[in-house]
Number of protein chains: 4
Amino acid sequence: MVSLNKVMIIGNVGVEPEMRFTPGGHPVTTFSVATNRRYDAGDGEKKEETEWFSVVAWNKLAEQCNQFVAKGRLVYVEGRLRTRSWDGPDGQKRYKTEVIASTVSSLDRAPASSGDSATVEPGGDISPDDLPF
Amino acid sequence: MVSLNKVMIIGNVGVEPEMRFTPGGHPVTTFSVATNRRYDAGDGEKKEETEWFSVVAWNKLAEQCNQFVAKGRLVYVEGRLRTRSWDGPDGQKRYKTEVIASTVSSLDRAPASSGDSATVEPGGDISPDDLPF
Amino acid sequence: MVSLNKVMIIGNVGVEPEMRFTPGGHPVTTFSVATNRRYDAGDGEKKEETEWFSVVAWNKLAEQCNQFVAKGRLVYVEGRLRTRSWDGPDGQKRYKTEVIASTVSSLDRAPASSGDSATVEPGGDISPDDLPF
Amino acid sequence: MVSLNKVMIIGNVGVEPEMRFTPGGHPVTTFSVATNRRYDAGDGEKKEETEWFSVVAWNKLAEQCNQFVAKGRLVYVEGRLRTRSWDGPDGQKRYKTEVIASTVSSLDRAPASSGDSATVEPGGDISPDDLPF
DNA sequence: TTTT
DNA sequence: TTTT
């Protein structure tokens with residue numbers, strides 16, 4: 001028995017990516033990506049809705065994203081969804097859903113650098129014994 | 001300029017789907033789907049991790065899902081991600097990320113009913129002026 | 001029982017799209033899209049391989065593609081695969097595999113026109129009683 | 001600049017998979033998968049159309065597919081499309097489009113063996129200097 | 001809360 | 001917080 005957990009987004013990077021390191025020394029790069037959806041609000045009125053994604057890249061992919069991903073760029077991101085939960089100060093559960101990237105590519109025609117696409121190496125999207133933040 | 005917001009999951013339905021109606025009378029069906037990921041925790045040890053998705057279907061798709069989706073079934077769900085936010089009792093923002101379904105299909109060989117797959121009609125994944133819960 | 005037949009490509013349009021009409025009067029737009037793959041040929045040598053796709057859009061989508069798709073543009077195409085076969089002059093079967101588009105979007109930042117993305121209407125990807133060429 | 005070439009199918013395996021070896025000793029497993037599409041032929045009449053895919057798995061993935069893929073099983077296949085061409089006996093070009101698999105999973109609840117899903121290792125979907133048939 |  |  002098997003399952004599939006796949007997310008694919010194309011959107012604009014909202015912030016400069018940030019690379020940090022876990023206590024165990026694994027690089028983690030995070031950045032946000034905005035997708036926009038236009039829809040017809042019943043009465044023929046056009047509306048636009050922005051959806052923000054938190055993207056997380058680990059290990060080698062983290063280092064590569066830190067090179068070519070930049071605020072304002074159009075990117076393709078493929079990965080899986082992961083929802084983390086923790087207890088808030090009030091004892092209530094909080095949730096954050098993120099995209100754990102396996103592929104990140106620039107879709108801009110003039111890349112900032114030569115490398116404009118990167119794919120995770122096997123196991124590269126996990127940091128098993130070692131949490132980022 | 002354009003963007004893509006696509007999620008594809010294959011997993012097991014965790015609860016009986018629940019169909020409700022918005023104040024404006026639109027049907028909304030929600031159910032959860034579990035995907036499982038096996039990975040190698042560095043030391044050759046196999047681990048398994050379950051990821052739960054909240055799936056939301058609107059309008060005609062909601063009615064169809066309410067027929068053939070059932071607890072324990074294996075389903076394919078395609079849709080887009082949407083994160084809702086609201087203010088918690090402590091004034092802090094809370095977030096919930098859901099899959100707004102556009103296609104839901106049963107992957108079990110013996111469907112409970114004749115219809116075992118449904119796709120959204122255009123605009124069928126939104127309820128513009130009318131929030132569910 | 002259910003199945004999935006999905007293709008997603010991002011690539012450059014190789015020719016100006018061509019819109020024709022079936023005998024029954026349905027518009028059909030066809031164009032080709034190139035994707036490029038870089039890979040490591042064993043010995044550390046980098047190779048590049050181009051894959052060409054034949055994209056077919058029907059009906060309203062055909063008309064929209066005919067507007068904003070243009071040679072050289074970067075596009076996202078989502079659809080299903082269909083392989084047609086016919087008998088060659090020597091009596092041997094010939095095959096052609098095409099992408100029947102359901103969504104086509106421009107990924108260039110400066111669109112030629114205002115509309116730069118289009119999605120099929122339901123049933124819009126078929127012309128049941130009426131073959132194109 | 002970057003591109004995407006992705007196919008995702010869910011369907012039934014039409015034949016027992018066949019594993020062969022290239023002259024260079026690389027294992028290659030091929031099998032066919034049928035997807036079914038139901039559509040409304042204008043006049044309310046329901047039609048069904050079967051689409052057959054040729055799936056090719058290389059190297060380690062080939063060996064794994066040879067274990068758990070079997071005729072009649074429901075499988076999920078993810079990969080890229082590749083069209084090969086050659087000259088027919090009449091000097092005319094012939095084409096064959098195949099899915100080069102990167103992931104193959106069984107969707108049947110009772111797998112024939114313990115392993116019921118496999119993903120390509122990096123570079124595992126190519127055999128650069130060495131053609132299969 | 002599913003499934004193996 | 002992006003982009004149009």
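Chain identifiers are assigned alphabetically (A, B, ...) following the order of the sequence lines, protein sequences preceding nucleic acid strands; residue numbering begins at 1 within each chain.
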J.: Using side chain to side chain contact (heavy atoms under 4.5 Å, CB included) as the criterion, list what pairs up with Lys60(B), not counting sequence neighbours.
T.: Gln64(B), Glu121(B)
J.: Tell me: CG of Asp116(D) to P of dT4(E), nearest whole Å?
T.: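 For the pair Asp116(D) CG and dT4(E) P, the rounded distance is 11 Å.
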J.: Which nucleotide in the set dT1(F), dT1(E), dT3(E) lies at the smallest distance from any side-chain heavy atom of Asn36(B)?
T.: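 The answer is dT3(E), which lies nearest to the side chain.
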J.: Base, sugar-phosphate, or nothing for Gly11(A), non-hydrogen atoms under 4.0 angstrom?
T.: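 No contact at all - Gly11(A) keeps every heavy atom at 4.0 Å or more from the nucleic acid.
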J.: Taking atom types as they are modelled, is there a donor-acceptor pair under 3.5 Å from the base of dT3(E) to the side chain of Thr35(B)?
T.: no
J.: Take the protein atom CD of Glu18(B) and the nucleotide atom C1' of dT1(E), then report the distance between them rounded to whole Å.
T.: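 So the CD-C1' distance, Glu18(B) to dT1(E), works out to 13 Å.
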J.: Taking for each residue the nucleotide of DNA chain F bearing the nearest heavy atom, is the 5' side occupied by Glu48(A) or by Phe53(A)?
T.: Phe53(A)
J.: If we require ring centres under 5.5 Å and near-parallel planes under 30°, does Trp52(A) stack on dT2(F)?
T.: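 Check failed, Trp52(A) does not stack on base of dT2(F).
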J.: Less than 4.0 angstrom from a charged side-chain N to a carboxylate O is my criterion; do Arg38(A) and Glu48(A) meet it?
T.: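 Salt bridge: yes.
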J.: From CZ of Arg73(B) over to C1' of dT2(E), roughly how many Å is that when rounded to an integer?
T.: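 Distance check: Arg73(B) CZ to dT2(E) C1' gives 13 Å.
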J.: Output the single nucleotide from dT2(E), dT1(F), dT3(F) whose closest atom is nearest the side chain of Asn12(A).
T.: dT3(F)
J.: In whole angstroms, how far is the C1' atom of dT4(F) from the CG atom of Leu107(C)?
T.: 13 Å
J.: Side chain of Asn59(D), backbone of Gly124(D): donor and acceptor closer than 3.5 Å?
T.: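 Pair found, side chain donor or acceptor close to backbone of Gly124(D).
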J.: Could you check how far CG of Leu4(A) sits from P of dT3(E), rounded to whole Å?
T.: 19 Å
J.: Do NZ/NE/NH1/NH2 and the carboxylate oxygens of Glu98(B) and Arg84(B) come within less than 4.0 Å?
T.: yes
J.: For Asp90(B), enumerate each residue passing the side chain to side chain contact (heavy atoms under 4.5 Å, CB included) test, keeping only those at least two apart in sequence or located in another chain.
T.: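 By the side chain to side chain contact (heavy atoms under 4.5 Å, CB included) rule, Asp90(B) matches Asp90(A), Arg94(A), Gln92(B), Arg94(B).
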J.: Would you kindly give the CZ-to-P distance between Phe31(A) and dT2(F), to the nearest whole Å?
T.: 16 Å
J.: Nearest to the side chain of Val15(B), heavy atoms from C-beta on, is which of dT2(E), dT1(E), dT1(F)?
T.: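 Given the options dT2(E), dT1(E), dT1(F), the side chain of Val15(B) is closest to dT1(E).
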J.: Expressed in angstrom and rounded to an integer, what is the separation of Glu49(B) atom CD from dT4(E) atom P?
T.: 20 Å
J.: So Val13(B), base contact, sugar-phosphate only, or nothing? Heavy-atom distance under 4.0 Å.
T.: sugar-phosphate
J.: Measure OH/Tyr76(C) against P/dT3(F) and give the value in whole Å, please.
T.: 22 Å
